[in-house]
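Data block below; observations after.
Atom set for the values below is all heavy atoms of this structure, side chains included, hydrogens, waters and symmetry mates excluded. Just so you know, residue 1 is the first one in the sequence shown, and it goes up from there.
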Amino acid sequence: MNQTINKELLLNNLGHISEIFGYQDVNLKQIEKKFGVRITTRENQVKIKGDFDSINSVDILLTQLEDLLVSGYKIKNDDLKFAIRLIAEDKTISLKAIFSERITVSPKKGFITPKSPTQREFIQSVKQADIVLAIGPAGTGKTYLAVAMAVEALLKRHFKKIILVRPAVEAGEKLGFLPGDITEKINPYFMPLYDALDDTLEPHKVRELMEDGIIEIAPLAYMRGRTINDSFMILDEAQNSTKQQMKMFLTRLGTNSKMVITGDITQIDLDNSKNSGLVQVQSILKDIDGIKFVNFNEKDVVRHDLVKHIIKAYSQN
């Protein structure tokens, strides 16, 4: 299939060229820019010109994308963007293994797929374990994927409730200093959770499930004294919980329940970062079977490409 001549590679029999390269070759231009190559097409044939390593990377990328499309996978624009980045960082990655790990949400919302090997590991860990702790920087999809998996489990009737929890102390602000009743006080803290819900369910369905108490959103302090059964529980921004609060939350786990805890230990807003329950829990629970830890880093950032560079720059200063 491949013939390399003077830093030039000819790929034959690619039946999905138009789907891969996109409308007006917008994706082709992204690939050329990322790998520093020149790509020309003719019918089902692609010619790549560039240095050996870049040609090899593009060969791997196009071959894997063609394989995905042949197998029936529909590649979205975001998938292509992350596929380019994944292959650029590691040519041994299997795109099929990553993108085939689907989360099924509302029928109108379709599927959600991981965008990095760590996201795939996270999804698999949540499927396998009753308690999963996901630790890493902002923008790596921890909260979003956790909510998506909770919605999927609810829709498949694996659980009766989703309970979304956050510490109500961030950036030095406390609830008592905010205007309004308790609902108005806590709502700003939970916007990322609302956003994730709206992206996985129709807005009217979210409101309906919340009104019926099937989806519950509450400050961490409200969990004290409860035993939570038949529920998918998520503790978000867990770096802002204390050791005592973390223990309290972990011990709420009842029968047929699952718990996902997410946080970023580089963004602790407690007066003393050493008191963070998420920092301490890593050593306390590391040897317990049935509890999994998944660690994200800047390579897993799925927001704007600049976010990855910003996180890396701050980690070095």
Side-chain heavy atoms nearer than 4.5 Å, only ILVMFWY residues, links allowed to pass through others: does that put Leu68 and Ile31 together? yes
Can you tell me if Ser273 uses its side chain to pair, donor with acceptor, with the backbone of Asp269 under 3.5 Å? no
Here the gap from Asn256 atom CG to Asn229 atom CG, rounded to the nearest 0.5 Å, amounts to 8.5 Å
Would you say Lys96's side chain and Gln64's backbone share a donor-acceptor pair under 3.5 angstrom? no
Between Asp236 and Thr143, is there a side-chain donor-acceptor contact under 3.5 Å, judged purely by atom types and distance? yes
Apply the test side chain to side chain donor-acceptor pair (under 3.5 Å) to residues Lys127 and Ser125: give CA-CA distance (whole Å), side-chain angles for both, the deciding distance (0.1 Å), then the verdict. CA-CA 5 Å; Lys127 290 179 178 178; Ser125 295; over 6 Å; no
When you compare the side chains of Gln239 and Ser276, does any donor N or O come within less than 3.5 Å of an acceptor on the partner? no
Would you say that Arg226 contacts Ile163 through its side chain, given a criterion of any heavy-atom pair below 4.5 Å between the two side chains? yes
Between CG of Leu133 and OG1 of Thr262, what distance do you get to the nearest 0.5 Å? 9.5 Å
May I ask you to decide whether Lys156 forms a salt bridge with Glu152, counting only side-chain N to carboxylate O separations under 4.0 Å? yes
Is the side chain of Asn27 donor-acceptor paired with the backbone N or O of Ile20 at a distance under 3.5 Å, no angle test? yes
Does Asn56 have any side-chain hydrogen bond (donor to acceptor under 3.5 Å, both in side chains) partners at least two apart in sequence or in another chain, and if so, which? none
Answer yes or no: does atom NZ of Lys74 have more than 12 heavy-atom neighbours from other residues, nucleotides or ligands under 6.0 Å? no
Without hydrogens or angle criteria, can the side chains of Asn275 and Thr242 be said to hold a donor-acceptor pair below 3.5 Å? no
Give the C-alpha distance, both sets of side-chain angles, the deciding distance and a yes or no for side chain to side chain contact (heavy atoms under 4.5 Å, CB included) between Leu235 and Met259. CA-CA 8 Å; Leu235 172 58; Met259 183 177 285; over 6 Å; no
Under 4.5 Å between any side-chain heavy atoms of Lys243 and Ile284, yes or no? yes
Looking at OH of Tyr194 and CD1 of Ile215, how far apart are the two atoms once the value is rounded to the nearest 0.5 Å? 10.0 Å
Hey, are the side chains of Leu220 and Met248 touching, using non-hydrogen atoms and a 4.5 Å cut-off? yes
Answer with yes or no whether the side chains of Asp264 and Gln267 bring together a donor and an acceptor at under 3.5 Å. yes
Donor-acceptor under 3.5 Å (Lys142 side chain, Gly136 main chain): yes
Look at the side-chain heavy atoms of Ile, Leu, Val, Met, Phe, Trp and Tyr, link any pair under 4.5 Å apart, and say whether Phe111 and Val126 land in one connected group. no
Identify whether the distance between the nearest side-chain nitrogen and carboxylate oxygen of Glu216 and Lys161 falls below 4.0 Å. yes
Parallel under 30°, tilted from 30 to 60°, perpendicular over 60°: which one fits the rings of Phe122 and Phe296? perpendicular
Would a 4.5 Å heavy-atom cut-off, applied to side chains only, mark Leu278 and Ile261 as touching? yes
For the pair Asp79 and Tyr73, evaluate side chain to side chain donor-acceptor pair (under 3.5 Å) and give the outcome as yes or no after the intermediate values. CA-CA 11 Å; Asp79 292 337; Tyr73 185 87; 2.9 Å; yes
Rounded to the nearest 0.5 Å, how far does CZ of Arg38 lie from NZ of Lys47? 11.5 Å
If you define the side chain from C-beta out and look only at heavy atoms, does anything of Leu285 sit under 4.5 Å from Leu250? yes
Check whether Thr200 reaches the backbone of Val151 with its side chain - one donor and one acceptor, N or O, closer than 3.5 Å. no
Taking Val105 as the starting point, is it possible to reach Leu164 by hopping between hydrophobic residues whose side chains are less than 4.5 Å apart? yes
Grouping I, L, V, M, F, W and Y whenever their side-chain heavy atoms are under 4.5 Å apart, do Ile84 and Ile39 come out in a common cluster? yes
Whether Lys29 and Glu32 form a salt bridge (side-chain N of Lys/Arg under 4.0 Å from carboxylate O of Asp/Glu) is what I want to check. no
What's the shortest heavy-atom distance between Val37 and Gly50, and which atoms? CG1-CA, 4.4 Å
So, Arg166 side chain and Ala218 main chain: donor-acceptor pair closer than 3.5 Å or not? no
Are side-chain heavy atoms of Ile98 and Ile93 found at a separation under 4.5 Å? yes
So, Asp300 and Ser116: side-chain donor and acceptor under 3.5 Å apart, yes or no? yes
Val70 and Glu66, any side-chain heavy atoms less than 4.5 Å apart: yes
I'd like to know if the side chain of Asp51 and the backbone of Asp53 have a donor-acceptor N/O pair within less than 3.5 Å. yes
Any heavy-atom pair between the side chains of Ile123 and Ile103 that's under 4.5 Å? yes
Treating Gln119 as the side-chain partner and Lys115 as the backbone partner, does any N or O pair qualify as donor plus acceptor under 3.5 Å? yes
When you compare the side chains of Thr63 and Asp59, does any donor N or O come within less than 3.5 Å of an acceptor on the partner? yes
Test of understanding: clusters of I, L, V, M, F, W, Y form through side-chain heavy atoms closer than 4.5 Å, transitively. Do Leu154 and Tyr144 belong to the same one? yes
Any donor-acceptor pair under 3.5 Å linking the side chain of Gln124 with the backbone of Glu101? no
Measure across Phe35 and Ser57 and return the closest heavy-atom pair with its distance rounded to 0.1 Å. CE2-CB, 3.5 Å
Nearest 0.5 angstrom please: Leu28 CG to Ser18 OG, how far? 12.0 Å
Residues that Lys81 engages under salt bridge (Lys or Arg N to Asp or Glu O under 4.0 Å), provided they are two or more places apart: none
Expected output: side-chain Arg224 to main-chain Phe249 donor-acceptor under 3.5 Å: no
